[in-house]
Amino acid sequence: MKDIKHITNKLAFRIILPVSILVLIAGIILYIFVLRYISDFTNQHIKNEFLWAWGEIYTICDKSLNELLKTNDIDNEKIVRIKKGLTISSIEDFLHQNRLKGIITENKKELLSCCNTPEKSRIFIDAAQANTVSSVKYDGIEYYTYQADFEPWSWQIIIIKDSTAYSSLIDKVKISYLSTGISLTLAGLLILCYLNRAVKYPINNIITSLKANKQPEYKGIYEFEFLSNSVAEMMEERQRMIKHIMEEQKLKGIRILASGVAHNFNNMLVGVLGYASLLSMKLENAKRENRLLKEEDLDELLKCTKTIETSAQKASTLARELSGLSRKKMLEGDSVGPVDINKLVTEMQRLLSDTFPKNIEVIAITDNNIPVITGDGMQLEQALLNIAINSKDAMPDGGKLTIQTSIADIKGKSKYHYLKPGRYAAVQIRDTGTGMDEDTLNHIFEPFFTTKPVDKGTGLGLATVYSIIKAHDGYVIAESTPGKGSLFTIYLPIK
Ligand SMILES: Nc1ncnc2c1ncn2[C@@H]1O[C@H](COP(=O)(O)OP(=O)(O)OP(=O)(O)O)[C@@H](O)[C@H]1O
Ligand SMILES: [Mg+2]
């Protein structure tokens, strides 16, 4: 459950994080765009206002000039001066009425009308550019200026606008942007929360069912419902296939077992029958000829009975091994009791050292912390022996066989998924033999699987090991590298 929470939280995080980043980036882009828009808008607005003001001022000047021309007073210096003075005051009135300021110079030198002080006016005169809106900072306030000339009188008229007049407009635009931004963010968050829930719930539902190995049954949003139904169908199909494969495997196992049994018993019976008929033929001949058996006849007859005995013995061993294979449940009976794995391994090492060819070195390494386990000592010994004999067969030119014990704590999922978590006494049997390829490795626990010649192996050794270890609730795992050797690990539960 903790896992699912983790997965869905991660999923929510994966959805929310990119969307939040996208919203943030969109907000920043929008903000930059709006700021640009505000500044463009302001500049255009100021420019329009300056052009309009200049148009009005030009009209005032032009009207005065025309009046002078009409009355032919243009050459009368005194009247012209008075008229210019009146024109300047009309311009000042116009500027004042429109909350504008202005400076008028003649030939760029003589100050005819100034704004506040002549010093301040000089700053505006220096900053102003002809027929362009430009800005200048004075006393921490930004001013926009626009200069145009009334050429007939060599006047330069500078119109000045205080930027504070626009700040309320800019503030208004900013506030409306911010409030729209905040509402959009809130709406976005609400949509995100809804999406988060809408996605999280069905996925949670499907994952929970999958974890419990049940078919998901989500009803709701079409896409998730479709997904849930598809997963359910796939699970059903999988179950059907597993059942089918298991039945096939079972049949295959029975087929292999039957043919193996038939083949092996037949081999043994051929020996028994052959020698039995030879024996009876010899006896019948002796009876027919009415003669006593000679020394060499007796030897031959004895050879026949010995061979019959060996074949019968083999058949009996095979029968015993087959009945051992059919064992399924946990061991029961007197043979079950405490088993000291280390003692078993040490004794086995001694036995193998004495019996295996001298070019095979047998080493035992034991971990003294392993507790005594419950099991059938004889059977476990048999299992170790079967594995060790295979190792010996895989090292025809000699090598090293190491049997090592240890405690294995399996936590969570291991490389071998079927190995249940828990505490085990592990026995590793490692050889430096021929090893096996993957194909061989996949079949070694099957009854009658062998790569050895007919008279050498029946292919029941490892099938018996598997059956013994299963009866102990344990596991046997084989690993091998062709040309390098093999490793068999037996895990026996410590209860
Ligand atoms: N240590 C090993 N190295 C290489 N091959 C191995 C090893 N152990 C088992 N095998 C392979 O696995 C096959 C099956 O082994 P298993 O012990 O079941 O049968 P067998 O040894 O052939 O016959 P049996 O043990 O019945 O006399 C062997 O024939 C061999 O090919
Ligand atoms: Mg074997």
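All ligand and atom numbering here is 1-based and tracks the order in the structure.
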Q: Please identify which atoms of ligand 1 are closer than 4.0 Å to at least one heavy atom of Ile444.
A: 11 (C), 12 (O), 18 (O)
Q. Does Phe226 offer a backbone N or O that forms a donor-acceptor pair with the side chain of Ser230 under 3.5 Å?
A. yes
**Q.** Under 4.0 Å to a heavy atom of Gly457 - the qualifying atoms of ligand 1, by number
**A.** 23 (O), 27 (O)
Q: Flag the pair Glu237 and Arg240 as a salt bridge only when some basic side-chain nitrogen lies within less than 4.0 angstrom of an acidic carboxylate oxygen.
A: yes
Q. Where is the nearest protein heavy atom to atom 10 (N) of ligand 1: which residue, which atom, and how far?
A. Met436 SD, 3.8 Å
Q | Lys306 with Glu309: basic N within carboxylate O range, under 4.0 Å | A | yes
(Q) Could you identify the single nearest non-hydrogen protein atom to atom 1 (N) of ligand 1 and state the distance to 0.1 Å? (A) Asp431 OD2, 2.9 Å
Q.
Testing the 3.5 Å rule here: is there a donor-acceptor pair between the side chains of Asp431 and Ser391?
A. yes
Q: Could you tell me the residue and atom name of the protein heavy atom closest to atom 22 (O) of ligand 1, and the distance to it rounded to 0.1 Å?
A: Thr450 OG1, 2.5 Å
Q | Check: Ser467 side chain, Ala463 main-chain N or O, donor-acceptor pair, under 3.5 Å | A | no
**Q.** Shortest protein heavy-atom distance from atom 29 (O) of ligand 1, along with the residue and atom involved
**A.** Thr451 N, 2.9 Å
Q | Heteroatom N/O/S of Asn386 within less than 2.8 Å of the Mg ion (ligand 2) | A | no
Q.
Between Glu225 (side chain only) and Gly220 (backbone N and O only), is there a donor and an acceptor less than 3.5 Å apart?
A. yes
Q) For Thr440, is at least one N or O under 3.5 Å away from an N or O on ligand 1? A) no
Q: Indicate, as side chain, backbone, both or neither, the part of Asp393 found under 4.0 angstrom from ligand 1 when only non-hydrogen atoms are considered.
A: neither
Q. In the protein, what heavy atom is nearest to atom 14 (C) of ligand 1, and what distance, to one decimal place, separates them?
A. Phe449 O, 3.3 Å
Q) Who's the nearest protein heavy-atom neighbour of atom 8 (N) of ligand 1, and how far? A) Asn390 CB, 3.2 Å
Q | Residues Arg288 and Glu284 bridged, charged N to O under 4.0 Å | A | no
Q: Would you please say whether a donor-acceptor pair under 3.5 Å links the side chains of Asn386 and Gln382?
A: yes
Q | Polar contact flag for Thr458 and ligand 1 (N/O pairs, less than 3.5 Å) | A | yes
Q) Glu381 side chain to Met348 main-chain N or O, any donor-acceptor pair under 3.5 Å? A) no
Q: Kindly confirm or rule out an N or O of Gly459 lying under 3.5 angstrom from an N or O of ligand 1.
A: yes
Q | Tyr275 atom OH: more than 12 heavy-atom contacts under 6.0 Å | A | no
(Q) Under 3.5 Å between any N/O of Phe488 and any N/O of ligand 1: does that happen in this structure? (A) no
Q) Can you check whether Asn342's main-chain N or O pairs, donor with acceptor, with Thr405's side chain at less than 3.5 Å? A) no
Q.
Please determine whether any non-hydrogen atom of Asn386 lies less than 4.0 Å from an atom of ligand 1.
A. no
Q | Protein contact to atom 16 (P) of ligand 1 [nearest heavy atom, distance to 0.1 Å] | A | Leu462 N, 3.6 Å
Q) Can you find an N or O of Gly435 that's nearer than 3.5 Å to an N or O of ligand 1? A) no
Q. Backbone N or O of Leu298 within a donor-acceptor pair of the Lys303 side chain at under 3.5 Å?
A. no
Q | Proximal ligand 1 atoms for Leu460, defined as those under 4.0 Å from one of its heavy atoms | A | 26 (O)
(Q) Just to confirm my output: which protein heavy-atom neighbour is closest to atom 2 (C) of ligand 1, and how far is it? (A) Ser486 OG, 3.8 Å
